[in-house]
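Worksheet: one structure, shown below.
Quick note: numbers below take in every heavy atom, side chains included, and nothing from hydrogens, waters or symmetry partners. Not measured: the values here are computed from a predicted model. Just follow the structure's listing: the first ligand is 1, and inside any ligand the first atom is 1. Starting from 1, each residue takes its place in the sequence as its number.
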Amino acid sequence: MTTAEDTLEAVAARIRTHVVDMCAGPEGGHLGGALSCVEVLSALYFSVLRVDPRQPGHPDRDRFLLSKGHAALALYATLAERGFFPVGELAGYGRPGSRLMGHPVRAVPGVELPTGSLGHGLALSCGFALANRYAGRDSRSFVLLGDGELQEGSVWEAAIAAASLRLDRLVAVVDRNGLQLTGPAERIAPMEPLAERWRSFGWAVREVDGHDAIRLADHLAAAPWEPGRPSVLIARTVKGHGLSFLAGRTDSHYVTLSPRNHARALAALAATDAAR
Ligand SMILES: Cc1ncc(C[n+]2csc(CCOP(=O)(O)OP(=O)(O)O)c2C)c(N)n1
Ligand SMILES: [Mg+2]
């Protein structure tokens with residue numbers, strides 16, 4: 001957890017640097033969508049989730065699923081910073097023999113289920129929430145979805161089920177970065193008014209600046225916001241956030257940083273740090 005000196009912002013800055021470093025390796029990685037969710041993961045793992053890195057399988061833990069599994073780099077960096085495995089292991093990402101692969105698998109401590117095929121995380125999280133209810137546990141289940149991912153029909157099937165089952169210990173976060181693999185999400189398949197859409201499915205809805213870790217943590221900690229309803233937090237984010245030469249660009253989706261761009265990225269992050 002964070003201390004007074006180690007703020008959520010400082011944690012997020014370290015996570016962002018790890019993500020950038022991993023994208024400078026031979027494999028490259030899903031840089032843009034990892035950088036857009038850094039503050040969401042920081043808020044969850046350093047302020048909200050009831051988890052213990054020494055007992056990752058504790059039955060009373062809160063569950064988290066990265067439904068947008070391609071943002072694995074941000075999850076790996078967060079889990080390492082939180083103590084689930086050594087930070088030094090991040091340097092092996094994508095290399096032969098490493099358990100840190102392009103998409104998360106259960107061999108990685110803290111990863112509940114493998115993800116990467118979009119559209120499944122919300123249904124799986126409904127299962128977690130239902131299982132915890134049957135077991136009489138008060139654990140909450142959190143899931144992070146991409147905004148392009150919302151085009152998967154299975155998301156809305158799960159949204160209907162969650163509302164009808166009154167799964168109010170289920171909390172979804174939508175990484176509303178406005179971009180998907182091939183361009184602007186709204187141009188490819190309009191979803192606005194997105195908050196209204198979720199409300200009409202029976203969910204309690206809030207919206208927030210997805211790069212404000214403190215406000216994210218406040219909202220997430222307070223869920224459920226309405227008794228009997230699942231909660232969805234629409235986090236307005238920027239794909240590639242933190243790197244001016246990639247932020248908000250479709251081609252930030254998958255990047256192998258050249259030595260020059262790696263240095264540029266680290267300089268951009270250092271400048272942001274210095275300005276804080
Ligand atoms: C079922 C499925 N179809 C296609 C893909 C390939 N894919 C990986 S990332 C991605 C774009 C997702 O966009 P979004 O959900 O907005 O994620 P983000 O912007 O956070 O990267 C796609 C189509 C996939 N992983 N799973
Ligand atoms: Mg997106």
Side-chain angles (χ1 to χ4, degrees), residues 12 15-16 18-20 22-23 27-44 64-78 93-94 100-105 111 113-125 142-159 172-195 197-198 207-211 213 216 232-243 245-257 265:
I15 292 170
R16 201 162 255 116
H18 294 316
V19 169
V20 162
M22 285 186 272
C23 284
E27 284 296 310
H30 286 97
L31 181 57
L35 292 180
S36 63
C37 65
V38 166
E39 282 76 15
V40 172
L41 294 178
S42 306
L44 280 168
F64 172 72
L65 267 192
L66 182 69
S67 190
K68 46 167 275 184
H70 59 281
L73 296 183
L75 181 62
Y76 298 154
T78 306
Y93 155 74
L100 306 182
M101 299 190 278
H103 295 84
V105 292
V111 171
L113 289 173
T115 50
S117 180
L118 297 167
H120 300 293
L122 189 58
L124 292 166
S125 296
F142 295 82
V143 56
L144 177 59
L145 307 162
D147 54 354
E149 182 181 5
L150 300 183
Q151 293 157 20
E152 297 284 351
S154 49
V155 171
W156 299 101
E157 197 175 335
V173 182
V174 175
D175 183 349
R176 187 58 160 148
N177 60 29
L179 292 172
Q180 57 189 82
L181 179 61
T182 48
E186 266 313 276
R187 203 161 71 206
I188 292 162
M191 287 281 165
E192 293 294 348
L194 187 58
R197 192 177 283 254
W198 280 98
E207 296 187 65
V208 67
D209 172 351
H211 296 302
L216 280 160
V232 59
L233 185 59
I234 299 173
R236 288 184 302 273
T237 60
V238 176
K239 203 154 174 169
H241 183 74
L243 306 183
F245 60 102
L246 281 175
R249 294 174 55 121
T250 301
D251 62 4
S252 73
H253 187 77
Y254 197 100
V255 177
T256 304
L257 286 169

For atom 11 (C) of ligand 1, what's the nearest protein heavy-atom neighbour? Residue, atom name and distance, please. Leu181 N, 3.5 Å

Students should be able to answer this: which protein heavy-atom is nearest to atom 25 (N) of ligand 1, and at what distance? Gly116 O, 2.8 Å

What residue and atom, counting heavy atoms only, is the protein's closest point to atom 17 (O) of ligand 1, and at what distance? His70 NE2, 3.3 Å

Considering only heavy atoms of Asp147, which atoms of ligand 1 have at least one such atom less than 4.0 Å away? 15 (O), 16 (O)

Less than 6.0 Å separating the ring centroids of His253 and His30? yes

Tell me the contacting part of Asn177 for ligand 1: side chain, backbone, both, or neither, using a 4.0 Å heavy-atom threshold, strictly below. side chain

At under 4.0 Å between heavy atoms, which part of Glu149 makes contact with ligand 1: side chain, backbone, both or neither? both

Tell me the contacting part of Leu179 for ligand 1: side chain, backbone, both, or neither, using a 4.0 Å heavy-atom threshold, strictly below. backbone

Would you say Gly119 touches ligand 1, if touching means a heavy atom closer than 4.0 Å? no

Measure from atom 18 (P) of ligand 1 to every heavy atom in His103, Gln180, Glu152, Lys239 and give the option owning the shortest one. Lys239

Closer than 4.0 Å to some heavy atom of Ser117 - which atoms of ligand 1 meet that? 1 (C), 26 (N)

Distance to 0.1 Å, residue and atom name: give those for the protein heavy atom nearest to atom 26 (N) of ligand 1. Leu118 N, 3.1 Å

Locate the shortest heavy-atom distance separating Glu186 from Met191; write the atom from each residue and the value. OE2-N, 2.8 Å

Protein non-hydrogen atom found under 4.0 Å from atom 6 (C) of ligand 1: no

Please report the closest heavy-atom contact between Leu216 and Ala43, naming both atoms and the distance. CB-CB, 3.9 Å

